[in-house]
Amino acid sequence: DMKVTQMPRYLIKRMGENVLLECGQDMSHETMYWYRQDPGLGLQLIYISYDVDSNSEGDIPKGYRVSRKKREHFSLILDSAKTNQTSVYFCASTPGQGATLYFGEGSRLIVV
Amino acid sequence: GDKVKQSPSALSLQEGTNSALRCNFSIAATTVQWFLQNPRGSLINLFYLVPGTKENGRLKSTFNSKESYSTLHIRDAQLEDSGTYFCAAAGGYKVVFGSGTRLLVSP
């Protein structure tokens, strides 16, 4: 079963709290991504992971960090969340460079 | 500027009509993908393209890498086609999305 699973799906946090968004895939894909989606802006790339412990900044990495200790899991961490990080976060995986992206269902984060 | 530009940004169609969405790139894209985001927010894969054309039912998509654009044609639009269509261009590992075309199909 080809699936990308995101947890949690919905989250409300206070400003300054830490946030952990988790993503899992069951396809043994090497490459994984974190994007955020805001109204009218499409999806913006936060981080790319090429494989375990091999990560690269995307276009908007400020305020975020990532962790990939197992191929099937990719975490997005917000240390001290800010209100402007309220967004919908999408995780995706792909079998290789330029190949089809498979997306999770998204995680809606509200920072108050 | 926008590396992947989609047009139009919004579109209203009557059921049964045809239309085309366009995506222009300012990056050297090797592959293109089209997604439909449904009202629940899920991203549904429509097409994955290397340069060339693919067809799936009422949808047809073309990727012209030399002229840096892709199109998505919708034939005989149905109510369930409503949603936001995104194109995404891949140049290497980086995949860049356009801002989307919001499509509303009405009876």
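Chain naming here is simple, since letters A, B, ... match the order of the sequence lines and numbering starts at 1 in each. A quick note: this is a predicted structure, and the numbers were derived from the prediction, not measured.
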Fill in: Among the listed options A:Gly96, A:Gly58, A:Gly98, the residue most often paired with chain B at heavy-atom distances under 4.5 Å
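That would be A:Gly98.
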Worksheet item: Is it the side chain or the backbone of A:Leu41 that comes within 4.5 Å of chain B heavy atoms, both, or neither?
Response: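 Only the backbone of A:Leu41 comes within 4.5 Å of chain B.
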Identify whether [X] and [Y] are in the same connected component of the hydrophobic contact network (ILVMFWY, side-chain heavy atoms under 4.5 Å).
{"X": "A:Ile60", "Y": "A:Val111", "result": "yes"}
{"X": "B:Leu21", "Y": "B:Phe35", "result": "no"}
{"X": "B:Phe25", "Y": "B:Val95", "result": "no"}
{"X": "A:Ile48", "Y": "A:Leu76", "result": "no"}
{"X": "B:Leu49", "Y": "B:Leu46", "result": "yes"}

Only pairs under 3.5 Å, no angle test: what donor-acceptor pairs are there between chain A and chain B?
| from | atom 1 | to | atom 2 | distance (Å) |
| --- | --- | --- | --- | --- |
| A:Tyr33 | OH | B:Tyr93 | O | 2.5 |
| A:Tyr35 | OH | B:Val95 | O | 2.7 |
| A:Gln37 | OE1 | B:Gln37 | NE2 | 2.9 |
| A:Gln37 | NE2 | B:Gln37 | OE1 | 2.9 |
| A:Asp59 | OD1 | B:Lys94 | NZ | 2.5 |
| A:Gly98 | O | B:Thr31 | OG1 | 2.9 |
| A:Gly98 | O | B:Tyr48 | OH | 2.7 |
| A:Ala99 | O | B:Gln33 | NE2 | 3.3 |
| A:Leu101 | N | B:Gln33 | OE1 | 2.9 |
| A:Leu101 | O | B:Asn45 | ND2 | 2.9 |
| A:Glu105 | OE1 | B:Ser42 | OG | 2.6 |

Item to complete: Kindly check if the number of other-residue, nucleotide or ligand heavy atoms within 6.0 Å of CD1 (B:Ile27) is above 12?
Response: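 More than 12 within 6.0 Å, yes.
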Worksheet item: Quick one: CG on B:Leu43 to CG on A:Leu101, what's the gap to the nearest 0.5 Å?
Response: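 Rounded to the nearest 0.5 Å, the CG-CG separation comes to 9.5 Å.
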